[in-house]
Amino acid sequence: MTVRLHWFLPTGGDGRTLVDRHAYTDGGVTRSRVTPESGVRPPDIDYLAQIAKAAEHLGFEAVLTPTGTWCEDAWLTTAALAQHTERLKFLVAFRPGVISPVLAAQMAATYQRVTRGRLLLNVVTGGDGTEQRRFGDHLGHDERYGRTDEFLSVVRGAWTGKPYDFDGRHYQVEGGLTALPPDPLPEVFFGGSSPAAGPVAARHADVYLTWGEPPAQVKEKINWIRGLAEQEGRTVRFGIRLHSISRDSSAEAWRTARALLDELDADTVAAAQEALGRSESVGQQRMLALHGGSRDQLEISPNLWAGVGLVRGGAGTALVGSHAEVADRIEEYHALGVDHFILSGYPHLEEAYWFGEGVMPELAARGLFERPGKGGVGGAPLLVAGGR
């Protein structure tokens, strides 16, 4: 089986640094920034269109679009970008706690028809209580996963095209439906590392998504979710979220990685670690544990670098090396059972080309990758993940 390759849309800003949403006073919508760093790019529609077009041209199947206070709205941004592309799918992130599941089902159905099947939904359960409360959601961590469980049941019920009733703890629906269900129906991706997340993944996920941990830890997660799914009489596939720094030589790639850290002083790293340490997300705590807040020994596994996680929340590791070495690591994860690779890099436009022109040919030569055809698009997965 070949791998499925996806890229990332930096709707909170981009640049030649480990920029994150906190680099902006306004999420990058205007050019006013907290920090005076050069090379920071606001996420205007023209720049995001460049990335989307590059991803489509290079052969990525889809682009993940995040959700949060400091990001542009994913639904509206990707609907606009769909007009600039023909084949590319969009992984649209949103939070089940702030939207009706029946409305979400209707929005997804409409989006599928407007884009001819190019929508993928990223239902973010949420691991940051402060961020959740900012959106009016006051449930605790485990309760949010219970709500996501009900949310997905209602979405599926509404997609049958027949009136659907549901009486749960978080949702009570009478006669919910989408008059014209999406065609094809989306697959379901799900992410979450906590004990509360596992059973939800087992019941609903077609693909379980993890952040980029070392292969041995990823294998443990695969075995965990696979076992839970078997108890439900189901089969689950797997995906991974990573950054990428791929160059013509290994030395050049590692120089690029180190240069990203050279711009960060100790106070910046300490402040970021303190903020990230307050997260309720088990996945985020696992990311932090990979480096312990230290710049020492950041290569935590061959070609797997934890430097991004010193200042960035969510996905905190990168594949670093020559094109062949990065392809080796992808092949290693694939051998464990990972099929979907959601990748990103700084800046996202340039790194898309480094990966697309360097690693993709390596994977193709090994029989692990085929460029998506320019004809129609296949079924659009519903991504249920714990963030970006």
Side-chain angles (χ1 to χ4, degrees), residues 67-68 74-75 91-112 119-129 131-179 181-182 185-210 224-225 227-237 280-283 380-388:
T67 183
W75 288 98
L91 284 66
V92 176
F94 71 98
R95 300 169 189 268
V98 296
I99 188 172
S100 155
V102 176
L103 177 59
Q106 183 184 43
M107 292 168 66
T110 299
Y111 200 118
Q112 283 285 64
L119 175 66
L120 299 83
L121 292 175
N122 178 4
V123 180
V124 179
T125 300
D128 184 340
E131 176 80 353
Q132 294 298 127
R133 289 189 294 274
R134 189 176 290 130
F135 283 88
D137 179 13
H138 294 267
L139 289 186
H141 176 276
D142 289 1
E143 288 182 289
R144 292 197 292 269
Y145 277 101
R147 181 180 57 199
T148 296
D149 194 355
E150 292 187 9
F151 182 93
L152 292 173
S153 296
V154 175
V155 167
R156 288 294 191 190
W159 278 344
T160 63
K162 300 177 182 178
Y164 176 77
D165 295 338
F166 185 86
D167 185 15
R169 177 178 180 182
H170 302 284
Y171 299 105
Q172 296 80 42
V173 175
E174 297 180 7
L177 81 161
T178 52
L185 288 178
E187 294 176 307
V188 175
F189 286 49
F190 187 95
S193 299
S194 69
V200 184
R203 284 189 288 271
H204 294 286
D206 294 305
V207 179
Y208 174 82
L209 187 65
T210 180
W224 171 49
I225 297 299
L228 291 174
E230 288 175 354
Q231 295 175 23
E232 298 284 342
R234 302 186 64 250
T235 300
V236 176
R237 300 187 301 278
E280 299 169 355
S281 167
V282 173
L382 168 67
L383 247 180
V384 185
R388 56 198 182 106

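Residues Y145 and P199 have side chains not in contact (no heavy-atom distance under 4.5 Å, counting atoms from C-beta outward). Using a 4.5 Å cut-off on side-chain heavy atoms (C-beta onward), V236 and F190 make no contact. The shortest side-chain heavy-atom distance between V123 and F94 falls under the 4.5 Å cut-off. Inter-residue side-chain proximity for R234 and D206 is flagged as met; some heavy-atom pair is nearer than 4.5 Å. For the pair V207/L209, no side-chain contact is recorded, criterion being any heavy-atom separation below 4.5 Å from C-beta on. For the pair Y111 and V92, the minimum side-chain heavy-atom distance is below 4.5 Å.
Every residue meeting the side chain to side chain contact (heavy atoms under 4.5 Å, CB included) condition with S153, not counting sequence neighbours, appears here in chain and number order: D149, Y164, F166, H204.
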Side chains of residues 171-178: which donor-acceptor pairs under 3.5 Å do they make with residues two or more places apart or in other chains?
| residue | atom | partner | partner atom | Å |
| --- | --- | --- | --- | --- |
| Y171 | OH | P96 | O | 3.1 |
| Q172 | NE2 | G168 | O | 2.5 |
| T178 | OG1 | A158 | O | 2.9 |

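In plain terms, the two heavy atoms of L228 and G198 that are nearest each other are CD1-C, 3.6 Å. Nearest heavy atoms, P181 versus A179: CD-O, 3.6 Å. For the pair H141 and S194, the tightest heavy-atom approach, listed with the atom from each and the gap, is CE1-OG, 3.2 Å. L119 and A108 make their closest contact through CD2-CA, 3.5 Å (heavy atoms, listed as atom of the first residue, atom of the second, distance).
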side-chain contact (heavy atoms from CB on, under 4.5 Å) evaluation trace for L120 with N122: CA-CA 7 Å; L120 299 83; N122 178 4; over 6 Å; no

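Here the CG atom belonging to L139 is positioned 9.5 Å from the OG1 atom belonging to T148, to the nearest 0.5 angstrom. To the nearest 0.5 angstrom, Y208 atom OH is 4.5 Å from I225 atom CD1.
Just one of Q132, E131, R133, H138 meets the side chain to side chain contact (heavy atoms under 4.5 Å, CB included) condition when paired with F135; it is E131.
Proximity of a side-chain donor or acceptor of R203 to a complementary backbone N or O of E232 within less than 3.5 Å is not detected.
The pair R147-E150 fails the salt-bridge criterion, with no side-chain N (NZ, NE, NH1 or NH2) lying under 4.0 Å from an Asp/Glu carboxylate O.
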